[in-house]
Structures are given as C-alpha cells and as structure tokens.
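Take a look at the structure set out below.
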Amino acid sequence: MTQAANLERIWRTLEQVPKGQVVTYGQLADLAGLPGRARLAARALRLAPAERALPWFRVIGAGGRISIPKTSPGYQRQMELLRNDGVEVNNGRIKLSEYQWQPDLAALMWQLEF
DNA sequence: ACTCTGACTCCTT
DNA sequence: GAAGGAGCCAGAG
C-alpha cells in the first residue's frame, strides 16, 4: 500500500460523509481501512487538492471538538460551514450523539474494489 | 540516521 | 475542564 493510495482511500471515504453529519479524524481513518491513523487523516485533509472540494470541515477531533486552534482563521470558517450544514456548534463543540456519521454498508462498498 | 513537528488520541493528574 | 505525557506515523530539515 503506497502513501498515495492511503490518501486516496481517506479522500474517497470523506466524500461519503453526508451534509449535516460529521466524523472524527480517527473514525475517518478507521473507515478508510487505516485503523489508528488519525494523524494521517489530518494530513490527508491538509494535502487535499482544492479542486476536489472535499467536505474537510465535516472532520472534527475526538469527543466532538473542532481541532483547529481558536486563534486560526480556519476555526471560524469551519464553524460557519458546519452551521451552514445545519450542524449545531457550541463553543467549538459538536454533539456526536446527534451528528456523528453512521455509515451504512452501501456507503462503504467501494472498499471492496481493493 | 536522527530530531522536530503536527487540522490526533488516549490516559493520568 | 486544563495540562502533561506517551503512543502514533510521515514529512521536513
């Protein structure tokens, strides 16, 4: 498995996340078939080509917290985008019990290609 | 080869 | 809660 392939898996998994729902870095890595590689998921987001228009803002830290420093401009941007999705964000926190993505089998079928 | 660093997590204070 | 430490993996210097 090359690194490029791992990034691709993460990106494709991220594309499945529907509007109004979120995933944590760890969950995204797990779903992409890369258990325990939350940091790789974070890196994948940073390296994601803009033209791909991935919903990077639907990825949050474990426990439902926005994982961007409050001092960074990206913090406010992510909150806006999430609220635009209809997701409630209170003081940088999101209720996972309500918004965490629960993928169905169909959404993960693409993985069988590997 | 080695040290640093990070859009991460988990566990302990 | 906040803070610190330890795994963690990859890229950068």
Side-chain angles (χ1 to χ4, degrees):
Chain A
M1 185 62 69
T2 68
Q3 293 315 135
N6 286 339
L7 294 180
E8 190 57 37
R9 294 172 74 101
I10 289 172
W11 290 335
R12 290 198 198 178
T13 303
L14 178 54
E15 285 171 341
Q16 315 292 321
V17 184
K19 174 176 180 174
Q21 300 199 255
V22 299
V23 287
T24 65
Y25 290 92
Q27 182 189 6
L28 181 58
D30 288 351
L31 294 173
L34 304 165
R37 313 241 224 137
R39 301 197 82 130
L40 179 58
R43 215 172 65 79
L45 261 52
R46 188 167 53 75
L47 299 178
E51 59 271 27
R52 202 144 164 178
L54 293 169
W56 60 271
F57 54 88
R58 294 182 186 142
V59 185
I60 61 184
R65 293 181 306 282
I66 285 185
S67 198
I68 300 177
K70 284 188 259 318
T71 52
S72 164
Y75 179 83
Q76 284 298 326
R77 201 146 50 82
Q78 181 165 23
M79 286 212 328
E80 283 178 29
L81 290 165
L82 283 174
R83 288 184 172 135
N84 186 54
D85 262 15
V87 174
E88 288 178 59
V89 186
N90 302 307
N91 196 223
R93 290 186 294 99
I94 291 114
K95 226 185 272 182
L96 286 182
S97 59
E98 194 163 343
Y99 299 104
Q100 183 167 41
W101 183 38
Q102 313 288 300
D104 54 62
L105 289 198
L108 268 7
M109 278 300 119
W110 67 269
Q111 288 196 44
L112 297 180
E113 301 300 312
F114 289 80

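We name chains A, B, ... by the order of the sequence lines, and we start the count at 1 in each one.
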Roughly how many Å is it from [atom1] in [X] to [atom2] in [N], rounded to a whole number?
X        : N       : atom1 : atom2 : value
Gln27(A) : dT9(B)  : CD    : P     : 10 Å
Tyr25(A) : dG7(C)  : OH    : C1'   : 19 Å
Ile60(A) : dT9(B)  : CD1   : P     : 9 Å
Arg43(A) : dA12(C) : CZ    : C1'   : 11 Å
Lys70(A) : dG1(C)  : NZ    : P     : 12 Å
Ile68(A) : dC8(B)  : CD1   : P     : 9 Å
Ile94(A) : dA7(B)  : CD1   : C1'   : 13 Å
Asp30(A) : dC8(C)  : CG    : P     : 15 Å

Categorize [X] for me: base, sugar-phosphate, or nothing, with a 4.0 angstrom heavy-atom threshold over every strand shown.
X        : result
Leu45(A) : base
Gly61(A) : sugar-phosphate
Gln78(A) : nothing
Ser72(A) : nothing

Nearest-0.5 Å distance, [atom1] of residue [X] to [atom2] of residue [Y]:
X        : Y        : atom1 : atom2 : answer
Thr13(A) : Leu34(A) : OG1   : CG    : 8.0 Å
Asp30(A) : Thr24(A) : CG    : OG1   : 7.5 Å
Leu82(A) : Glu80(A) : CG    : CD    : 10.5 Å

Margin query: As a test of understanding, state which of Val22(A), Val59(A), Val23(A), Leu54(A) forms a side chain to side chain contact (heavy atoms under 4.5 Å, CB included) with Val17(A).
Written below: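 Of the listed residues Val22(A), Val59(A), Val23(A), Leu54(A), the side chain to side chain contact (heavy atoms under 4.5 Å, CB included) partner of Val17(A) is Val23(A).
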Check: Pick from Arg65(A), Gln78(A), Gln100(A), Arg93(A): which one makes a side chain to side chain contact (heavy atoms under 4.5 Å, CB included) with Ile60(A)?
Finding: Gln78(A)
Among [options], find the nucleotide with the atom closest to the side chain of [X].
X        : options                  : value
Ala42(A) : dT9(B), dC9(C), dC8(B)   : dC8(B)
Ala62(A) : dA10(C), dC10(B), dA7(B) : dC10(B)
Arg39(A) : dG7(C), dA7(B), dT9(B)   : dG7(C)

